[in-house]
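Here's the structure we're looking at; comments come further down.
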Amino acid sequence: MRFIYEKSIMTENNNKIYLDYAATTPVDREVMKAMLPYFSDKFGNASSIHSFGQEAITAVDQAREKIARYFDCDFTEIIFTGSATESNNLAIMGIVKKIFHPTGDHPKGGNFQKKHIITTAIEHESALEPLRELGKAGCEITYLPVDKEGLLKISDLEKSIKDTTILVSIIYANNEIGTIQPIKEIGKLLEKINKKRKEIGLSKIYFHTDAVQALNYLECRPDWLKVDLLTFSGHKIYGPKGIGGLYIRKGTSLSPIVSGGGQEFGLRSGTENIASIVGLAKAVESASTNKEKNYKKVLDLRNQMLTDIIKYRKGTVKLNGSPKSYLPNILNLRFLGLSNETLIVALDQVGVAVSAGSACSGRALSVSHVLTAIGLTPKQAKESIRISIGKNTTKQEIKKAVRIINKYEKLLV
Ligand code: PLP
């Protein structure tokens, strides 16, 4: 089935209720204000020696410092990319490429056999796709299963480690069901294992996490999490689209996947997107300042919504995900016997924007690999919608959305 949106049935934005903040967030006013001068007045190229260039590179340096302060890391451990998709690709491909081509100069394709990477079945496509590619090229990839709440078992991870393991890449908080993985515990385990490996001459296992959905609400300092690489994105934290970042622990060698002028410490060539870099730093700063307040606010709204829907719909709605380790802003619900496409389109027509959580290809919904990994059948997965709340969502919006969702049959006639 394909969506065909007709203009006539679209409601005006003003009265719409946006509940798809896990897909993207609006840019905060203060973020936009910080960015604006860098589109016109301060337009220099950060690689230029003259004062215009110096102004640009100063802005990049200040943004990097701000983000480094937030992550409690060194300035040189943060690099800017074009998206979290690119950051995930760089973290995963960059480690493998470096190991096979230690100089980073001769990426001839190589023979990736005998190198092993561990991940989970519920990563974002931007991590899964490069991993699939590496799998085709000969790397051995272990996709750890998760339980019905979406949680991996640390003992499964420990058992899957081999002498040939070079990387563990695990999403911090899942973008579809919100389940939070025990990243800190995995980090501690890998630290212990790496100590032993060093003693016996085995190479280090690097640890990467995709923290895109976590940054608004969870502790993300790499030293606290004990990760070597951490991905983040601008547009999930009220910053601009098309800008991402990667924390890379000192001593973690990567080969670039985009080569050229050598910007970003040689790891990501391309003229710096100054306005977006400034915007990303402002968004990170603002997320850190208001983390606890925003956490509590969206958690209350989410829980209220869940209670009201479950109570009204009785046995016909089920929660997908974990009732104990979850992001405060994501609700993934299964409406028994209903098609999510039908429900999403019907809700949109009355001004409530939710999503299926899974990827859209050609505007038709695919079956979510996350929902099938937690044990749902493809049919059950297609009965599920993702509602994601933002820091500006109001109680009134939630109440109204609940009223509409609870009586969805009225929309389908
Ligand atoms: N990782 C996760 C968990 C995401 O939710 C997303 C976006 O949907 C991405 C990565 C990709 O982010 P970007 O849109 O910046 O490429």
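Keep in mind that what you see is a predicted model, and the values were worked out from it rather than measured.
No side-chain heavy atom of L333 sits less than 4.5 Å from a side-chain heavy atom of N320. Between R386 and I330, the closest side-chain pair of non-hydrogen atoms falls below 4.5 Å. Put simply, the side chain of M93 reaches to within 4.5 Å of the side chain of L134, judged on heavy atoms. Side-chain contact between V352 and K400 is absent, with no heavy atoms from C-beta onward closer than 4.5 Å. With contacts defined as side-chain heavy-atom distances shorter than 4.5 Å, the pair I118/T165 qualifies. Taking the side chain as every heavy atom from C-beta outward, Y206 and T252 approach each other to under 4.5 Å. Side-chain contact between L306 and I310 is present, with heavy atoms from C-beta onward closer than 4.5 Å. Between T307 and Y312, the closest side-chain pair of non-hydrogen atoms is not below 4.5 Å.
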Legend entry - Candidate pair I79 and I248, rule side chain to side chain contact (heavy atoms under 4.5 Å, CB included), full reasoning: CA-CA 8 Å; I79 71 151; I248 307 169; 4.0 Å; yes
Inset, instruction - Could you check V212 against H124 for side chain to side chain contact (heavy atoms under 4.5 Å, CB included), going step by step and ending with a plain yes or no? - result: CA-CA 10 Å; V212 166; H124 189 264; over 6 Å; no
Inset, instruction - Please test I161 against R197 for side chain to side chain contact (heavy atoms under 4.5 Å, CB included), starting from the C-alpha separation and ending with a verdict. - result: CA-CA 11 Å; I161 291 174; R197 285 171 75 101; 3.9 Å; yes
Inset, instruction - Kindly indicate, with the supporting measurements, whether the criterion side chain to side chain contact (heavy atoms under 4.5 Å, CB included) is fulfilled by E272 and F80. - result: CA-CA 8 Å; E272 293 88 343; F80 297 110; over 6 Å; no
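Checking side-chain atoms of T25 against main-chain N and O of Y21 turns up no donor-acceptor pair under 3.5 Å. A donor-acceptor contact shorter than 3.5 Å links the side chain of K97 to the backbone of P256. E397 places no side-chain N or O within donor-acceptor distance of the main-chain N or O of I17, the cut-off being under 3.5 Å. The main-chain N or O of I205 is found under 3.5 Å from a side-chain atom of N194 such that the two form a donor-acceptor pair. Panel note: side chain S339, backbone E341; a donor-acceptor pair is recorded below 3.5 Å. Not a single donor-acceptor pair under 3.5 Å links the side chain of T120 to the backbone N or O of I170. Between the N174 side chain and the I122 main chain, a donor and an acceptor come within less than 3.5 Å of each other. Using a distance-only test at 3.5 Å, with no hydrogens or angles considered, no donor-acceptor pair links the side chain of H116 to the main chain of L167. A donor-acceptor pair is defined here as one N or O able to donate and one able to accept, closer than 3.5 Å; such a pair exists between the side chain of T119 and the backbone of S169. Side chain of Q380 to backbone of T377: a donor-acceptor contact under 3.5 angstrom is found.
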Compile the donor-acceptor pairs under 3.5 Å between side chains in residues 276-287 and protein atoms, sequence neighbours left out, one pair per line.
from, atom 1, to, atom 2, distance (Å)
S276, OG, N273, OD1, 3.3
S276, OG, N273, ND2, 3.1
K282, NZ, E285, OE1, 3.3
S286, OG, E30, OE2, 3.4

Show me the side-chain donor-acceptor pairs of residues 222-237 shorter than 3.5 Å, one per line, residues at least two apart or across chains.
from, atom 1, to, atom 2, distance (Å)
D223, OD1, R249, NH1, 2.8
D223, OD1, R249, NH2, 3.0
D228, OD1, K204, NZ, 3.0
D228, OD1, R249, NE, 3.4
D228, OD2, F207, N, 2.9
T231, OG1, N88, OD1, 2.8
T231, OG1, H208, NE2, 2.8
H235, ND1, T24, OG1, 2.7
K236, NZ, A22, O, 3.0
K236, NZ, A23, O, 2.8

Quiz: residues 149-159 side-chain donor-acceptor pairs under 3.5 angstrom, not counting sequence neighbours:
from, atom 1, to, atom 2, distance (Å)
E149, OE1, S322, OG, 2.9
E149, OE1, K324, NZ, 2.8
E149, OE2, K324, NZ, 3.3

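In this structure, the salt bridge (charged side-chain N to carboxylate O under 4.0 Å, His left out) partners of K162, at least two apart in sequence or on a different chain, are E140. Checked against salt bridge (charged side-chain N to carboxylate O under 4.0 Å, His left out), D147 has no partners two or more places apart in sequence or in another chain. Not counting sequence neighbours, the partners of F43 by the ring-ring contact (aromatic ring centres under 6.0 Å, His included) test are F52. In this structure, the salt bridge (charged side-chain N to carboxylate O under 4.0 Å, His left out) partners of E219, at least two apart in sequence or on a different chain, are R221. Legend: residues meeting salt bridge (charged side-chain N to carboxylate O under 4.0 Å, His left out) with E383, ordered by chain and number and at least two apart, are R334, K379.
A donor-acceptor contact under 3.5 angstrom links the side chains of T81 and S87, judged on distance only. In this model, no donor atom of one side chain and acceptor atom of the other lie less than 3.5 Å apart for S388 and N329.
Rounding to the nearest 0.5 Å places CG of D348 at 9.5 Å from CD1 of I344. Atoms CG and CD1, from D20 and I387 in turn, are 10.5 Å apart once rounded to the nearest 0.5 Å. I389 contributes atom CD1, which lies 11.5 Å from atom CG of L327 (distance to the nearest 0.5 angstrom). Of the inter-residue distances, the one linking M305 atom CE with K395 atom NZ reads 14.5 Å to the nearest 0.5 angstrom. The structure places CG of L19 at 9.0 Å from CD1 of I385, a figure rounded to the nearest 0.5 Å. To the nearest 0.5 Å, atom CG of residue L347 and atom NZ of residue K16 are 12.5 Å apart.
Contacts classified as ring pair (Phe, Tyr, Trp, His ring centres under 6.0 Å) and involving residues 315-347 (residues at least two apart or in different chains) are given here: F335-Y408. Sorted by first then second residue, the salt bridge (charged side-chain N to carboxylate O under 4.0 Å, His left out) pairs that include residues 286-309, not counting sequence neighbours, are K296-D300. Judged as a salt bridge (charged side-chain N to carboxylate O under 4.0 Å, His left out), the pairs with a partner in residues 254-269 (not counting sequence neighbours) are, in order, R64-E264, E86-R268. Legend: ring pair (Phe, Tyr, Trp, His ring centres under 6.0 Å) pairs involving residues 143-200, not counting sequence neighbours: none detected.
Salt bridge R132/E129: present, at least one basic N to carboxylate O contact under 4.0 Å. Using a cutoff of 4.0 Å between basic side-chain nitrogens and carboxylate oxygens, R313 and E409 are scored as salt-bridged. One finds no salt bridge joining K33 and D28 here, because no Lys/Arg side-chain nitrogen approaches an Asp/Glu carboxylate oxygen to under 4.0 Å.
Looking at every heavy atom in both residues, V367 comes nearest to P378 through CG1-CA, 3.9 Å. Of all heavy-atom pairs spanning I78 and F265, the tightest one is O-CE1, 3.7 Å.
Note: Y295 and Y217 have perpendicular aromatic rings, judged against thresholds of 30 and 60 degrees for the angle between ring planes.
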